[in-house]
Amino acid sequence: MIINPADRTKTVQEYYFSTKLAQIERMRRDGADVINLGIGSPDQPPSENTIARLSSEAMKPSVHGYQSYTGAPVLRKAFSDWYRKYFRVELNPDNEILPLLGSKEGIMHISMAFINAGDEVLIPDPGYPTYSSVTNLVGGIIRTYDLTEINGWMPDLEALEKTDLSKVKIMWVNYPNMPTGAHASIELFEKLVAFAQKHKVLLCNDNPYSFILSDEYRSILEIDGAREVALELNSLSKSHNMAGWRVGMVAGKSEYIKEILKVKSNMDSGMFLPMQLAAVEALNNPESWYTTVNQVYVKRRKIVEDIMQLLNCKIDKSQTGLFVWGGLPQNVESCESYVEEILNKAHVFLTPGFIFGKNGDRYIRISLCATEERLLEAKARLEKMKG
Ligand SMILES: Cc1ncc(COP(=O)(O)O)c(C=O)c1O
C-alpha cells in the first residue's frame with residue numbers, strides 16, 4: 001500500500017473473533033460443520049412485542065429521518081424506569097442517560113472524552129479486550145490489574161494503593177464479570193467507589209450481563225457517592241437477545257454525560273426511531289420474560305458443565321452470565337493450541353482464555369449461545385476426540 005496508515009493502527013490488531021470467524025467461514029466453505037461456542041451472541045429472539053413494534057413503526061412514513069443525538073425521550077425514560085425497577089437507581093432521563101449503539105462504542109466515547117495521551121487506565125486482566133485496544137487507540141497507558149481465581153476474580157485494591165496512582169484517570173470494572181462469571185458484592189462496589197473518590201479516578205462499570213442466569217441485579221450507581229466518580233454502561237445485547245440491534249446506554253452524572261455527548265454527536269447521527277421504540281418495548285418486558293430466557297440457559301449450562309468435565313476443566317458452579325469459564329488441567333500445554341486442536345479435530349470452536357489477558361492463559365470459555373442439540377453434538381464430538 002502506498003499510503004501509510006496512522007501510527008495508532010499499529011497499537012491494535014484485528015479483533016481475535018474477527019480473524020477466527022473468517023477461519024471458521026473458510027472451514028465451513030470446505031464442508032466442515034463447525035460448532036461455534038466462542039462468541040456470546042444470543043440465539044434466542046427478543047420478545048414478540050419488541051419485534052411487532054419494530055415492524056409496525058417501520059411501516060410509518062414519518063420515522064425514517066435522522067434522530068436526536070441524545071436518543072428518543074421515551075427510550076431514555078424506559079432506561080430510567082428499568083434502572084429504578086431492577087437496580088434501585090434513580091436516573092434523570094433528561095440528562096443522566098445517553099443511549100448508545102451498543103455498549104462497546106461507549107468504551108471508545110468515554111475514553112475519547114476523558115483520556116489524554118499518557119494518562120493511565122486500569123484494566124482488568126482477564127478482561128474484555130476492547131478496554132485495552134481502545135486505550136491504545138486514544139494514546140492512554142494500559143495498567144492491568146490482576147483478577148485471579150484465588151481472590152475470587154476481584155481486584156486487590158490494597159495492592160493497587162501501594163503503587164503510584166497519580167496518573168490514573170479511568171478504572172474499568174465489569175461485574176457481573178466476563179469472562180469469569182464472578183459477581184461483585186455491594187461491599188466491593190463500596191470499596192471501589194471510595195478508591196475512585198480518593199484517587200480521583202473515573203470508575204466505569206461495564207454491566208451487560210446482569211440478567212443472564214442471575215436475579216440479583218446490581219449497579220455501581222447504587223452506591224452512595226458513586227454519582228461523583230462513576231459511570232455505568234449497559235446494553236440490550238445480552239439481556240434482551242438484541243446483540244445485532246446495537247442498543248445500549250451510558251448512565252451517570254449529567255456533567256460527565258455532556259462530555260461524552262460532545263464526542264458521540266460528532267461520530268454518529270442517532271439511532272433508527274423504530275428500533276428505539278422497539279427497545280422501549282423490550283425494556284418493559286415483564287420480569288417473567290427474563291426467567292423464561294434463563295430457563296433455556298440453565299439447561300444449556302448443564303451440558304456445558306458436562307463438556308468442561310469431559311475436558312477435565314475445573315469450573316466454579318456459582319458463576320453467572322452467558323459463558324462457562326473453566327480452568328485447564330495441568331497436562332494441557334496452552335489454551336491457544338488446545339483450542340486449535342479441538343477446532344481442527346472436532347470442529348468445535350471454544351474461546352482460549354489468553355485473549356482476555358495473561359491471567360486467562362490457563363482457561364477456556366464456552367458460550368451458552370447454542371441450542372441444546374448443538375451442545376450435545378459438540379459434547380459427542382469431544383467424547384470421540386478424547387477416545
Ligand atoms: C464485557 C463486555 N462489555 C461490552 C460488550 C459489548 O456489548 P454491546 O453489544 O452492548 O456492544 C461485551 C460483548 O461481548 C462484553 O462482553
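Because the structure is predicted, anything quoted here is derived from the model rather than measured. Whatever order the structure lists ligands and atoms in, that order sets their numbers, starting from 1. All values below come from the heavy atoms of this structure, side chains included, with hydrogens, waters and symmetry mates left out.
- A salt bridge links E259 with K262: the closest approach of a Lys/Arg side-chain nitrogen to an acidic carboxylate oxygen falls below 4.0 angstrom.
- The option from D206, L236, N207, V247 that lies nearest to atom 1 (C) of ligand 1, judged by heavy atoms, is D206.
- Regarding atom 7 (O) of ligand 1, its nearest protein heavy-atom neighbour is S103 OG, 3.3 Å.
- The shortest N or O to N or O distance between Y131 and ligand 1 is not under 3.5 Å.
- Counting the atoms of ligand 1 from 1 in the order shown, those under 4.0 Å from a heavy atom of N174 are 1 (C).
- By the 3.5 Å distance cut-off applied to N or O atoms, Y128 is not counted among the residues near ligand 1.
- Across all their heavy atoms, R88 and R218 have their closest contact at NH2-CA, 4.3 Å.
- Within the 6.0 Å centre-distance limit, the rings of W82 and F87 are counted as a close aromatic pair.
- Of all atoms in ligand 1, numbered sequentially from 1 with element shown, those under 4.0 Å from a heavy atom of S235 are 8 (P), 10 (O).
- The distance from ligand 1 to the heavy atoms of P208 drops below 4.0 Å at these ligand atoms: 2 (C), 3 (N).
- Across the listed options R246, K238, M249, M178, K238 owns the non-hydrogen atom lying nearest to atom 13 (C) of ligand 1.
- Ligand 1 does not have A243 within reach: every non-hydrogen atom of the residue lies 4.0 Å or more from it.
- Salt bridge status for E287 with K85: absent, with no side-chain N to carboxylate O gap under 4.0 Å.
- Using a 4.0 Å cut-off between a side-chain N of Lys or Arg and a carboxylate O of Asp or Glu, E340 and K20 qualify as a salt bridge.
- Looking at ligand 1, you'll find an N or O of S237 within less than 3.5 Å of one of its N or O atoms.
- Residues R381 and E383 are not paired through a salt bridge, judged by the lack of any N-O separation under 4.0 Å between the basic side chain and the carboxylate.
- Annotation for ligand 1: atoms under 4.0 Å from non-hydrogen atoms of G102 are 10 (O), 11 (O).
- For E372 and R300, the salt-bridge test fails: no basic side-chain N is under 4.0 Å from an acidic carboxylate O.
- For atom 16 (O) of ligand 1, the closest heavy atom belonging to the protein is Y209 OH, 2.6 Å.
- The existence of a salt bridge linking K358 and D361 is excluded, since no basic side-chain nitrogen approaches an acidic carboxylate oxygen closer than 4.0 Å.
- Ligand 1 has no N or O atom lying under 3.5 Å from any N or O atom of E105, backbone or side chain.
- Within 6.0 Å of CD1 on I150 lie no more than 12 heavy atoms contributed by other residues, nucleotides or ligands.
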